There are 2 protein chains.
Amino acid sequence: MSTKVKKRTLINDIASHLEVSIATVSLVLNGKAKQSRISDAVAERVLKYVEEVGYKPNHLAKSLRTGKTHVIGLVVEDIANPFFATVAALIERQAFERGYRIIYCSTNNEPAKARELIAMFQERHVDGFIVVPSEGIDKEVSDILREQTPIVLFDRYLPDLPTNYVVVDGAQGTAEATRHLLAQGYTNIAFITTDSVQTQMEARLQGYTQVLEEQNLPRKVQRVVVTKDTEPIIAGIQEFLQANPEVDAILFSTNYLSIYGLEAISRLGLRIPDDLAIISYDDHDLFRLYTPAITVIAQPVESIAKNVIDILLHELQEPGDQATAAPQSLVLAPSLVIRKSSLKTAVVIPKPVAAVGLG
Amino acid sequence: MSTKVKKRTLINDIASHLEVSIATVSLVLNGKAKQSRISDAVAERVLKYVEEVGYKPNHLAKSLRTGKTHVIGLVVEDIANPFFATVAALIERQAFERGYRIIYCSTNNEPAKARELIAMFQERHVDGFIVVPSEGIDKEVSDILREQTPIVLFDRYLPDLPTNYVVVDGAQGTAEATRHLLAQGYTNIAFITTDSVQTQMEARLQGYTQVLEEQNLPRKVQRVVVTKDTEPIIAGIQEFLQANPEVDAILFSTNYLSIYGLEAISRLGLRIPDDLAIISYDDHDLFRLYTPAITVIAQPVESIAKNVIDILLHELQEPGDQATAAPQSLVLAPSLVIRKSSLKTAVVIPKPVAAVGLG
DNA sequence: TTGAAAGCGCTAACAT
DNA sequence: ATGTTAGCGCTTTCAA
């Protein structure tokens with residue numbers, strides 16, 4: 001009666017067509033032919049026929065049986081943020097090559113969302129986690145740890161939990177940026193950051209603070225409350241600038257704050273770097289192309305991705321008990337990419353030969 | 001001997017603790033208590049205990065049994081492209097609210113990658129597909145259609161296949177942009193596009209061509225080969241500009257081309273809009289914040305996302321045979337957001353009161 | 001009203 | 001060397 005359209009081939013079909021048992025087929029397909037001493041002839045016949053009919057095992061059944069899904073859950077703060085998008089893409093590619101799939105989701109730094117996503121990933125039985133932890137999810141992470149599911153954090157870590165993590169030395173980055181500004185002759189350097197007190201933000205703040213303390217120079221830290229509505233953020237930065245006219249340079253602690261900052265600066269009609277020098281944490285298309293181009297503290301995205309996935313896959317493939325092994329923690333170095341927004345004397349770049357006369 | 005740490009609660013545990021059958025528990029949990037005439041008292045006891053122990057059914061087992069995963073596969077061109085990232089995020093949110101999860105992947109417009117991803121999603125038994133089709137995947141899409149798995153395309157469609165799709169009227173967008181440039185007094189308008197001949201690109205080209213034809217004005221279309229290496233793209237645009245000094249305005253067919261274009265223009269030291277007016281397809285942080293701000297043809301991202309997910313969920317929940325129903329196709333209107341990059345006479349925007357004297 | 005039991009498609013221990 | 005079979009955890013029909 002019903003018009004059955006799908007008729008996937010099953011392992012059963014293969015076995016009966018070939019007149020062997022399904023165990024033989026399964027063994028061959030899982031590369032265990034040799035160790036089960038299945039004859040090469042049979043193995044080859046199986047492989048050939050499987051290829052011929054395009055048989056694909058049902059992953060659901062396989063996973064249900066083995067308890068392994070070969071899926072990794074990736075929880076980032078915001079996949080639309082180019083930093084996270086880049087790292088995610090790199091991680092995905094490497095995982096794919098090694099037979100793992102990634103499913104990713106953004107928390108928007110909301111602990112509730114983060115908890116929900118972790119729960120969802122657990123329900124989906126991911127084999128491992130890669131997490132950019134938002135505040136207040138210590139409990140969920142420690143649950144994962146207790147269940148001995150492999151996990152690697154990146155960008156920041158949870159100081160109270162013995163997890164693997166890969167982070168960047170934010171303090172070193174901001175310290176270097178601050179020294180660069182001082183060397184350029186800026187003396188009133190402000191630091192604009194978020195209201196987060198997570199490790200990566202505190203480190204970035206600390207690098208700035210320490211250098212200025214050493215020089216006995218004034219610090220000026222502005223913490224901006226990050227809301228969904230961007231207008232108050234921009235307005236807040238504008239107000240800060242107006243209230244502190246002596247400030248001659250600003251270090252932004254993260255890429256999106258810099259973007260809001262550029263908007264605020266543009267609205268106030270201030271010129272970069274003449275009125276105000278700018279350095280941002282994180283690189284971005286916008287910063288490269290902005291006029292003037294923005295100096296940034298760039299994070300080593302390839303290295304972050306590579307190390308994260310290496311650590312995770314190692315645990316995934318390691319039969320040993322993870323709980324007993326010491327967690328791995330890695331601190332990578334950022335690099336300062338100097339562009340025009342932080343140079344006191346504008347550098348004159350020679351025009352290309354024969355500038356075209358358009359218009 | 002072994003230290004078993006995980007001990008998930010199973011439906012069995014619930015049933016035996018409550019001294020009811022597992023069928024009863026299952027029925028209650030799936031909201032079929034009423035229709036199976038299970039007593040309210042029992043139903044309530046089940047729900048209460050389930051809540052208490054935090055029982056979560058094993059999705060793998062459930063899916064294996066029901067054949068439904070409640071997962072939708074989303075295949076986009078490039079998740080790092082703000083246009084796709086935004087639409088994906090909106091789709092994800094709406095799907096989530098309705099009990100579906102999204103797994104997404106980027107094809108980078110490589111047919112092989114697209115095929116691989118579709119295969120992977122099929123292996124994972126997604127309930128439905130949302131796809132931004134790259135060229136050459138007609139076969140895969142028609143396979144999906146034949147298996148009667150619901151699918152919705154967006155951004156572009158495959159003219160030969162009767163699928164649901166949601167696209168934007170690119171021709172209308174570029175026509176309006178072209179007219180705007182003409183109204184501003186630009187007469188030598190070039191169109192820079194990719195080497196793609198897919199529907200969305202051809203439509204954008206056509207809007208431009210038609211308006212200029214009507215006015216008997218010269219067309220100048222430059223097709224840029226998009227490669228992974230960005231340098232040749234930028235250089236190509238530079239060469240085009242140098243070879244065509246009479247061009248006084250450019251329409252870019254997509255956001256990333258505009259970004260390369262801005263780089264080329266900046267290298268040549270040309271001024272926008274005095275030497276060259278610029279309009280981009282797609283909005284972007286960069287375009288809003290660039291000096292001067294870039295006029296864009298903006299796509300209605302919210303509407304795209306909403307319609308895509310509505311059509312898909314409708315099919316997912318509709319018991320009827322999809323193959324017989326006519327596919328839905330939707331063409332939405334873009335909007336021209338006029339900024340300074342396309343205005344012949346620079347508009348003077350009054351500075352905010354009391355511009356601060358910094359530095 | 002509720003319970004027993006038959007699978008969903010696969011793997012792997014145990015037979016042969 | 002290969003076949004038999006007992007589950008993985010759940011849903012759902014059918015019987016009681």
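In this text, all values refer to a predicted model and were calculated from it rather than measured experimentally. All chains are named by letter (A, B, ...) in the order of the sequence lines, taking the proteins before the strands, and each is independently numbered beginning at 1. FYI, side chains are in, hydrogens and waters are out, and symmetry mates aren't considered; it's all heavy atoms of this structure.
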State whether [X] places a side-chain N or O below 4.0 Å from either non-bridging phosphate oxygen (OP1 or OP2) of [N].
X: B:T66; N: D:dC10; answer: no
X: B:S36; N: C:dT2; answer: no
X: B:T24; N: C:dT2; answer: no
X: B:Y55; N: D:dG9; answer: no

Inset, instruction - Could you pick out which residue, B:K32 or B:A61, lies toward the 5' side of DNA chain D when each is mapped onto its nearest nucleotide? - result: B:A61
Legend entry - Basic-acidic side-chain contact under 4.0 Å: B:E123, A:K62: no
Please report the distance, rounded to the nearest Å, between [atom1] in [X] and [atom2] in [N].
X: B:N30; N: D:dC10; atom1: CG; atom2: P; answer: 11 Å
X: A:H59; N: C:dT11; atom1: NE2; atom2: C1'; answer: 14 Å
X: B:I11; N: C:dA4; atom1: CD1; atom2: P; answer: 14 Å
X: B:E123; N: C:dG9; atom1: CD; atom2: P; answer: 16 Å
X: B:H70; N: D:dT11; atom1: NE2; atom2: P; answer: 11 Å
X: A:L27; N: C:dC14; atom1: CG; atom2: P; answer: 15 Å
X: B:K68; N: D:dT11; atom1: NZ; atom2: C1'; answer: 14 Å
X: A:L64; N: C:dA12; atom1: CG; atom2: C1'; answer: 14 Å

Inset, instruction - Report the distance from atom CG of B:L117 to atom OG1 of B:T107, rounding to the nearest 0.5 Å. - result: 7.5 Å
Legend entry - Within the 6.0 Å centroid threshold, strictly below: B:Y104 and A:Y104: yes
Inset, instruction - Would you mind telling me which of D:dT4, C:dT2, D:dT11 lies closest to the side-chain atoms of A:S21? - result: D:dT4
Inset, instruction - When you get a sec, tell me which of C:dT11, D:dC10, C:dT1 is the closest nucleotide to the side chain of B:S39? - result: C:dT1
Legend entry - Donor-acceptor pair under 3.5 Å, B:R65 side chain vs D:dG9 base: no
Inset, instruction - Quick one: sort the B:Y157 and B:Y165 rings into parallel, tilted or perpendicular, breaks at 30° and 60°. - result: parallel
Inset, instruction - Give me the ring orientation class for A:F129 and A:F121: parallel if the planes are under 30° apart, tilted from 30 to 60°, perpendicular past 60°. - result: tilted
